Amino acid sequence: MESHPEPSEAKAMLAEAAQAGETASAGVRLEPWFGPALGGFEAVVFLSHLLPWWAQAVLVIAALAAFMAALAKQLQLTGVRYRLRDAKAAVAAILIPLAVLYLGATLLEGLAGLRWPWALGAALVFTYMVLLVRHWNAAARPRRTP
Amino acid sequence: MTTADPMSGFDETIHAPNRLRICATLYAVDEAEFGTVRELLGVAPSVLSKHVAVLTEAGYVTQRRATRDTRQRVWLRLTKEGRTAYESHLTALRAIVATGERDG
């Protein structure tokens with residue numbers, strides 16, 4: 001016959017399950033170079049606005065592809081593949097601010113002929129990426145040794 | 001209209017503490033490497049193997065072998081049945097807790 005646990009035991013097991021789930025989904029610490037390297041890479045994309053539009057487009061696509069490849073490599077080392085909704089949240093946290101800054105700089109240049117927003121955008125992108133990775137790392141568990 | 005008894009979802013296979021933690025870990029992610037799950041649970045490989053075998057036998061977990069850095073690694077994933085069973089089990093545990101709070 002099935003024996004059900006006491007309520008106190010069931011409560012403890014629920015807490016343990018919640019803890020295990022949180023630990024698994026917390027993510028792992030990324031390499032220290034990850035934030036500055038990607039921030040620098042994105043900053044280069046911003047500063048490349050003096051190039052023709054098609055060269056910029058190629059550079060932006062290449063930068064994003066390189067970023068996704070670096071991120072995938074980092075995540076592969078974690079021993080965990082995250083659920084799609086978590087991956088979506090991470091990609092949104094990166095791409096939405098980038099898109100907003102890029103659009104803002106494009107508009108300011110197009111409407112007012114200003115070039116300095118690109119330099120400001122590059123500085124903001126770099127700072128944002130460094131802070132974002134630092135924020136992720138603060139909440140993450142140590143990376144497992146291969 | 002009848003309401004399904006939440007206690008009917010109680011699953012003896014999942015209930016064992018280590019198996020509950022394995023399911024909780026795999027439920028939170030898409031797929032996890034055997035070594036990572038072992039580290040997260042803090043158990044010996046043989047212990048994890050034994051529990052994974054029980055969950056695999058029940059159809060709750062699948063194992064996939066993949067080569068990385070020239071080494072074979074085993075990835076674990078909760079099946080659709082496993083996810084449903086785990087959710088039902090948590091519902092049953094919550095119902096037990098609620099019963100205790102109501103009676104206590």
Side-chain angles (χ1 to χ4, degrees), chain A residues 1-31 34 68-94 136-146, chain B residues 5-43 64 66 68-71 73-78 83 86-87 89-104:
Chain A
M1 189 185 127
E2 248 181 30
S3 58
H4 291 166
E6 291 295 315
S8 58
E9 191 195 341
K11 198 172 185 177
M13 298 201 82
L14 279 171
E16 205 168 324
Q19 176 68 44
E22 270 176 34
T23 308
S25 60
V28 296
R29 283 179 203 150
L30 299 167
E31 299 279 5
F34 191 71
M68 296 314 286
L71 184 64
K73 193 175 179 187
Q74 283 284 313
L75 294 181
Q76 199 185 24
L77 293 172
T78 67
V80 167
R81 295 214 168 89
Y82 295 96
R83 299 185 75 177
L84 190 59
R85 60 162 190 245
D86 298 327
K88 274 184 188 167
V91 171
I94 293 160
W136 282 346
N137 278 351
R141 64 179 186 273
R143 209 155 62 87
R144 70 183 291 244
T145 46
Chain B
D5 177 12
M7 303 292 243
S8 65
F10 188 87
D11 194 316
E12 287 287 349
T13 306
I14 294 177
H15 187 58
N18 276 331
R19 290 202 285 275
L20 180 72
R21 289 169 67 208
I22 293 168
C23 289
T25 299
L26 295 178
Y27 186 79
V29 301
D30 184 41
E31 202 176 25
E33 204 180 299
F34 184 93
T36 302
V37 177
R38 190 188 61 71
E39 279 179 17
L40 288 172
L41 266 61
V43 296
R64 179 177 69 84
R68 201 186 78 203
D69 302 333
T70 70
R71 287 175 65 185
R73 292 172 195 267
V74 176
W75 288 79
L76 306 174
R77 178 195 289 265
L78 214 52
R83 285 190 179 274
Y86 176 69
E87 285 165 1
H89 186 70
L90 289 190
T91 303
L93 287 179
R94 285 190 198 105
I96 292 167
V97 172
T99 307
E101 283 169 356
R102 203 170 49 234
D103 297 344

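Only a predicted model underlies this, so the values are computations on that prediction, with no experimental measurement involved. Labels below follow one simple rule: chain letters A, B, ... track the order of the sequence lines, proteins then strands, and each chain is numbered from 1.
Between Ile96(B) and His4(A), the shortest heavy-atom distance links the atoms CD1-CB, 4.0 Å. Considering every non-hydrogen atom in both Ala17(A) and Leu90(B), the closest pair reads CB-CD2, 4.3 Å. Minimum heavy-atom separation, Leu93(B) to Pro5(A): CD2-CG, 4.1 Å. Gly21(A) and Ala28(B) get closest at one heavy-atom pair: O-CB, 3.3 Å. Counting all heavy atoms, side chain and backbone alike, Val97(B) lies closest to Pro7(A) at CG2-O, 3.7 Å.
How far CD of Glu22(A) is from OG1 of Thr25(B): 11.5 Å, rounded to the nearest 0.5 Å. Rounded to the nearest 0.5 Å, atoms CG (Leu14(A)) and OG1 (Thr91(B)) are 9.5 Å apart.
Residues meeting the side chain to side chain donor-acceptor pair (under 3.5 Å) test with Arg77(B), sequence neighbours left out: Asp30(B).
By the 6.0 Å contact criterion, CD on Glu6(A) is open, its count of non-hydrogen atoms from other residues, nucleotides or ligands being 12 or less.
In this structure, chain A has heavy atoms under 4.5 Å from both the backbone and the side chain of His15(B).
Among pairs with a residue in residues 10-19 of chain A, those fulfilling side-chain hydrogen bond (donor to acceptor under 3.5 Å, both in side chains) read Gln19(A)-Thr23(A), at least two apart in sequence or across chains.
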